[in-house]
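Below, chains carry the letters A, B, ... as their sequence lines are ordered, and counting in each starts from 1.
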Amino acid sequence: MNHLCVRILQSGVMLPLKEKDKPIVQKLLSAGCCARCVLRFCCVSVQAAYRQPQQDTLKELQDFISSAENSKSPDSAGAESTDRNNKSHDAAVSEPPEDPPSKRAKLELSATGAPSEEDAAAVVKQKDEESCVCVVCLGVLQELCGPTQAVKIAEAVKAEKYEFDTLVLSVSLPAQLCVREHSCWLHVKKELREKSVALDKDDVIQVKEAFKWIMQGLVARALGGVAVVTRSLFEVGVEFTHPETDADCHFLATTCPDCFKPTKNKQSVFTRMAVVKALEKISDAKFLKHYPCPPAQPSSSCMPRDIQCLHGSVFVAGRYNKFCRSLPQTPWVIDGERRMESSVEELIAAPLLSSFRANSFNFSSSGREDVDVRTLGNGRPFAMELLNPHRSRLSKVEMKQLQETINKSSDKIRVRDLQIVTRDAMSRMKEGEEEKTKSYTALIWTQKPIQRDDITFIDDIKDLTLDQKTPLRVLHRRALAVRQRVIHSMNTRFLDSHHFYLGLKTQAGTYIKEFVHGDFGRTVPNLCKLLKTDTDILELDVESVDVDWPPSIPE
Amino acid sequence: MDCVEQTDTEAKAPSVVDRYYTRWYRADMKGKPCEDHCVLQHSNRICVVTLADTHPILQNGRTIKSINYQISNGCSRLNNKVSGKSKRGGQFLTDFAPLCRITCTDETEYTIYSCIRGRLLEVNENILETPSLLLEKPSTEGYIAVILPKFEESKSITENLLSREEFESVVSKRTVAQSQPS
Ligand SMILES: [Zn+2]
């Protein structure tokens with residue numbers, strides 16, 4: 001017997017409540033739920049219903065239930081509030097004529113049973129305390145959401161001067177809201193199941209969802225018409241806390257101890273995730289033994305925390321040259337002490353951070369060179385993740401200018417092919433790393449004197465396979481292993497009786513220094529073996545890193 | 001360019017050991033005269049244990065008959081295996097843990113010790129095949145073992161060892177003592 005009882009709201013929205021919602025509405029209002037939470041538990045998914053002023057919704061709901069009460073005990077209801085009864089009658093008149101309210105009410109009453117005198121009294125009590133904080137949402141869907149709050153959020157966003165077209169609103173609620181929601185669900189579970197056996201806790205509209213329905217449009221308007229969407233790189237976070245009821249969750253730790261394992265980085269074990277998990281496990285009987293149903297009346301609303309704005313990372317890629325033999329790629333710190341005053345990543349990052357107005361960065365590159373090694377030729381591919389950029393789009397011309405700024409800032413490095421890339425494209429830099437070849441030039445010293453002819457045989461060596469034990473100089477941070485690496489070709493340029501230049505084309509991952517000095521005989525064969533004398537490496541340059549990413553940009 | 005570097009191509013380049021390692025010594029190991037050990041500590045805290053040039057094995061044209069990393073019935077340093085970045089599974093050594101025993105053709109036998117506390121990373125298997133490496137290149141290819149001290153002990157492990165200067169002074173006094181009639 002599902003007689004539709006459509007309420008016509010002032011704003012023209014129709015509350016899609018059916019007769020079977022009546023006991024639910026009645027019970028929830030008596031329990032101290034706010035009007036919007038009542039809509040949630042009636043599984044009303046008409047967004048506009050949440051957007052209208054909560055006082056109006058409350059009135060509609062009260063009229064909705066009193067239309068039935070009236071038919072049962074008109075005297076008591078009329079005596080309590082004549083005003084409301086009149087309104088209720090006005091509303092009833094507008095209902096479809098083929099279903100007169102009196103008849104429908106009678107049918108309903110016979111089907112679901114009349115509300116007790118006690119319930120009716122509670123409704124009346126609720127009417128007198130309309131300003132009460134909701135027992136479920138703790139005020140989040142009451143005073144904490146509306147035009148005033150939307151303006152506050154917009155002001156906070158504007159103050160940070162982000163550049164964005166769209167934003168996504170994220171809401172963080174205190175974990176105890178889940179406990180209160182569960183208590184309320186148990187409170188009306190029977191009535192909800194009578195409405196439809198298929199209804200489950202998941203069908204109840206979430207506080208978060210309702211909050212967004214109400215706030216998204218308001219925030220968008222307050223920000224001058226940006227789109228507030230469900231997916232955006234720009235996230236505006238609203239967080240609420242409610243210290244008064246934090247203890248609501250505590251009983252769960254004794255009933256479901258395995259859900260609340262302490263973790264290092266969390267302040268409290270009562271995270272939303274853990275609480276939700278515990279509530280899934282706990283039996284109804286056990287829950288009701290430990291927690292009031294419906295939840296107890298709080299004395300205060302949630303506290304809104306500072307608005308948190310976060311823009312998704314921007315990724316910038318390019319190639320760098322390093323012309324200096326006393327510049328590390330990344331800051332070099334030994335025993336907490338800085339060894340060199342700058343680094344490649346810092347020289348590149350500084351202008352990027354200021355242009356994109358980002359908070360911090362993560363640098364990655366296709367391999368790395370030692371502090372005393374130069375990188376020449378086309379340079380080494382690198383990518384930089386810029387975190388929380390306040391500006392995220394630069395034109396090609398602006399990127400070109402940014403590249404110039406970096407290059408003018410230092411003659412120790414030079415950058416080319418600077419461009420904005422996607423996060424996915426970044427992985428391509430790492431993918432090809434092992435298969436790619438690299439070219440080097442090394443200045444070699446020999447212990448025994450050499451003549452021009454002594455070294456020419458090296459030019460004929462092709463695809464020389466090395467067995468390299470993890471070099472001692474990196475063994476403290478890498479696993480011990482023997483790795484096979486190939487030197488594809490070499491060429492020599494005689495300098496004097498103790499020196500020559502050695503050019504090498506090698507598989508990526510070959511340790512050149514160890515190939516030259518042998519690393520205590522741990523790389524074999526090595527140049528000492530080939531030349532039958534001790535050899536050492538005095539200088540090393542990377543001539544090319546043959547990774548075809550990022551795409552080159554014509555000058 | 002603000003960091004032009006001069007490479008004096010005439011000068012003899014410092015060796016790899018000189019450039020990256022600090023030399024530490026233990027003289028007269030366990031009271032046995034001249035059984036000097038050397039520990040090369042890399043700036044990354046890794047240590048390479050070698051014979052000091054003054055060790056009896058390297059004197060008087062001795063040749064090596066055998067090198068044995070089996071230091072007891074139950075323990076062979078050759079069975080040492082480490083895995084992963086954290087070097088799990090490596091044998092843990094204290095200052096006087098034996099690493100190997102070396103027997104010369106004149107039947108003299110010497111035990112080489114760890115000298116420092118740390119995890120054994122590898123022993124030099126090349127000297128088993130080519131013992132002459134130990135005589136020809138005792139401080140590089142003829143090394144005995146590689147040891148990784150605990151991070152927090154990387155400074156303190158060398159406190160009981162001699163610096164290069166201290167060791168050289170010990171050796172020079174030794175020479176004086178030998179040249180004087182007792
Ligand atoms: Zn509420």
Side-chain angles (χ1 to χ4, degrees), chain A residues 321-327 332 334-335 339-342 370-372 374 410-414 443-447 467 469-482 495-501 513-514 516-524 526 528-529 534-539, chain B residues 1-21 40-48 50 80-90 119-122 124-127 129-130 133 136-149 151 154-155:
Chain A
N321 290 127
K322 167 162 124 50
F323 300 119
C324 182
R325 294 195 192 279
S326 56
L327 182 70
W332 194 16
I334 295 178
D335 295 338
R339 290 304 275 268
M340 301 271 180
E341 67 181 40
S342 189
D370 290 339
V371 57
D372 55 353
R374 297 189 300 177
S410 169
D411 46 15
K412 295 181 183 182
I413 59 148
R414 190 181 158 77
L443 176 58
I444 308 295
W445 170 86
T446 63
Q447 188 191 32
D467 287 326
K469 277 198 185 125
T470 307
L472 292 173
R473 75 183 149 98
V474 299
L475 188 55
H476 61 300
R477 58 184 162 87
R478 302 233 174 114
L480 176 61
V482 182
L495 269 179
D496 59 45
S497 58
H498 285 284
H499 299 90
F500 68 94
Y501 278 112
K513 287 176 176 175
E514 280 68 21
V516 174
H517 61 60
D519 198 25
F520 293 71
R522 297 170 75 261
T523 288
V524 280
N526 53 56
C528 310
K529 282 259 156 55
D534 278 359
T535 58
D536 198 1
I537 183 164
L538 304 182
E539 287 177 7
Chain B
M1 217 130 307
D2 59 358
C3 58
V4 177
E5 273 159 60
Q6 297 291 321
T7 307
D8 185 355
T9 52
E10 294 303 309
K12 185 191 178 297
S15 72
V16 171
V17 170
D18 292 329
R19 261 182 294 158
Y20 301 115
Y21 295 82
L40 304 175
Q41 187 173 34
H42 194 277
S43 52
N44 69 11
R45 89 176 187 270
I46 282 197
C47 293
V48 181
T50 75
N80 190 71
K81 279 213 166 58
V82 292
S83 64
K85 287 178 186 174
S86 57
K87 317 294 187 297
R88 287 180 306 277
R119 197 180 289 277
L120 181 63
L121 298 190
E122 66 178 50
N124 188 357
E125 296 187 31
N126 294 334
I127 56 173
E129 280 170 44
T130 320
L133 281 177
E136 288 158 14
K137 299 191 167 185
S139 66
T140 55
E141 285 183 64
Y143 72 97
I144 304 294
V146 179
I147 298 171
L148 179 65
F151 183 80
S154 56
K155 290 269 191 303

**Message:** Working to the nearest 0.5 angstrom, can you tell me the gap between B/Ser43 OG and A/Arg339 CZ?
**Reply:**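 Reported value, rounded in 0.5 Å steps: 7.5 Å.
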
**Asked** To the nearest 0.5 Å, what is the distance between CG (A/Leu472) and OH (B/Tyr20)?
**Response**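 Taking CG in A/Leu472 and OH in B/Tyr20, the distance rounds to 12.5 Å.
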
If only atom types and distance count, is the side chain of [X] paired as donor or acceptor with the main-chain N or O of [Y] below 3.5 Å?
X	Y	value
B/Lys85	A/Leu480	no
B/Asn44	A/Arg473	yes
B/Asn126	A/Arg522	no

**Request:** Sequence neighbours left out, what passes side chain to side chain contact (heavy atoms under 4.5 Å, CB included) with A/Val371? Give chain and number order.
**Result:**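 Expected list: A/Pro328, A/Trp332, A/Met340.
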
**Request:** Could you pull out all residues at least two apart from B/Ser139 that satisfy side chain to side chain contact (heavy atoms under 4.5 Å, CB included)?
**Result:**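 Side chain to side chain contact (heavy atoms under 4.5 Å, CB included) check on B/Ser139 returns nothing, list empty.
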
**Asked** Who among B/Val17, B/Ile46, B/Val146 has the most heavy-atom pairs with chain A under 4.5 Å?
**Response**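 Of the options given, most contacts go to B/Ile46.
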
**Asked** Looking at A/Ala479, A/Gly521, A/Gly518, which makes the most heavy-atom pairs under 4.5 Å with chain B?
**Response**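 Highest number of pairs under 4.5 Å: A/Ala479.
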
**Prompt:** Of the backbone (N, CA, C, O) and the side chain (C-beta and beyond), which part of B/Leu40 lies under 4.5 Å from a heavy atom of chain A, both, or neither?
**Reply:**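 For B/Leu40, the side chain is the part near chain A, not the backbone.
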
**Request:** Name the region of B/Lys81, side chain, backbone, both or neither, that has any atom closer than 4.5 Å to a heavy atom of chain A.
**Result:**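 Interface part for B/Lys81: neither.
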
**Message:** If you compare all heavy atoms of B/Arg19 against all heavy atoms of A/Ile537, which two are closest, and at what distance to 0.1 Å?
**Reply:**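 Looks like NH1-O, 3.4 Å.
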
**Prompt:** Shortest non-hydrogen contact from A/Phe520 to B/Val48?
**Reply:**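 Of all heavy-atom pairs spanning A/Phe520 and B/Val48, the closest is CE2-CG1, 3.9 Å.
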
**Prompt:** Any side-chain heavy atom of B/His42 within less than 4.5 Å of one from A/Leu475?
**Reply:**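 No. Closest side-chain heavy atoms not under 4.5 Å.
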
**Asked** Relative to chain B, which segment of A/Asn526 carries a heavy atom at a distance below 4.5 Å: side chain, backbone, both, or neither?
**Response**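 Nothing of A/Asn526, per the 4.5 Å heavy-atom cut-off to chain B.
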
**Item:** A/Val524, part contacting chain B, at a heavy-atom distance under 4.5 Å
**Value:**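 For A/Val524, there is no contact with chain B at all, as no heavy atom is under 4.5 Å.
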
